[in-house]
Amino acid sequence: MNEIMFIIEDADEGGYIARALGSSIFTEADSLEELYELIRDAVRCHFDEAVLPRIIRLHFIREEVIAV
């Protein structure tokens with residue numbers, strides 16, 4: 001595996017939630033900087049060095065509401 005993709009969403013209580021596609025990896029954090037580090041750590045823990053993805057792709061999903 002050369003890369004892994006995460007879906008990033010805003011958490012209801014604030015911060016961010018990240019879920020990997022195709023792997024059972026989940027993490028959450030209060031800031032983007034913390035989220036990036038926790039995602040890297042989770043990927044390193046989940047995969048053996050021989051199959052460790054070299055690229056982590058983040059796809060942000062954001063819902064916004066505006067008044068008419």
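Scope of the values below: all heavy atoms of this structure, side chains included, with no hydrogens, waters or symmetry mates.
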[X]: partners by salt bridge (charged side-chain N to carboxylate O under 4.0 Å, His left out), with sequence neighbours left out:
| X | answer |
| --- | --- |
| Glu33 | none |
| Glu28 | none |
| Asp10 | Arg62 |

Inset, instruction - Following the transitive rule for hydrophobic clusters with a side-chain heavy-atom cut-off under 4.5 Å over Ile, Leu, Val, Met, Phe, Trp and Tyr, establish whether Ile55 and Phe60 coincide in one cluster. - result: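 Ile55 does not cluster with Phe60.
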Is Tyr36 reachable from Val43 through a run of I, L, V, M, F, W or Y residues, each pair having side-chain heavy atoms under 4.5 Å apart?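 Yes, same cluster.
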- Message: Ignoring hydrogens, what is the shortest heavy-atom contact between Leu52 and Arg44? Give both atom names and the distance.
- Response: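 Looking at all heavy atoms of both residues, the closest pair is CD1-CA, 3.9 Å.
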**OP:** To the nearest 0.5 angstrom, please state how far the CG atom of Leu38 sits from the OG1 atom of Thr27.
**Re:**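 The distance works out to 4.5 Å.
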CZ of Phe6 to CG of Leu35: how many Å apart, nearest 0.5 Å?
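So the CZ of Phe6 and the CG of Leu35 are separated by 8.5 Å.
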Pair Ser23, Phe47 - check side-chain contact (heavy atoms from CB on, under 4.5 Å), show working. CA-CA 10 Å; Ser23 297; Phe47 294 99; 3.6 Å; yes
Which pairs count as salt bridge (charged side-chain N to carboxylate O under 4.0 Å, His left out) when at least one residue sits in residues 14-25, sequence neighbours excluded?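 Output for this query lists Glu9-Arg19.
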*Members other than Met5 in its cluster, when Ile, Leu, Val, Met, Phe, Trp, Tyr link by side-chain heavy atoms under 4.5 Å?*
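Once heavy-atom contacts under 4.5 Å are chained together, Met5 belongs with Ile7, Leu21, Ile61.
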For Ile17, which fellow cluster members are found when Ile, Leu, Val, Met, Phe, Trp and Tyr are connected by side-chain heavy-atom distances below 4.5 angstrom, either directly or through intermediates?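 Members other than Ile17 - counting any ILVMFWY side chain reachable under 4.5 Å - are Phe26.
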Would you call Ile8 and Ile39 a side-chain contact if the rule is heavy atoms closer than 4.5 Å?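 The answer is yes; the side chains approach within 4.5 Å.
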Item to complete: Kindly determine whether Arg40 and Ile56 satisfy side-chain contact (heavy atoms from CB on, under 4.5 Å), including the steps that lead there.
Response: CA-CA 8 Å; Arg40 286 185 189 105; Ile56 300 171; 4.2 Å; yes
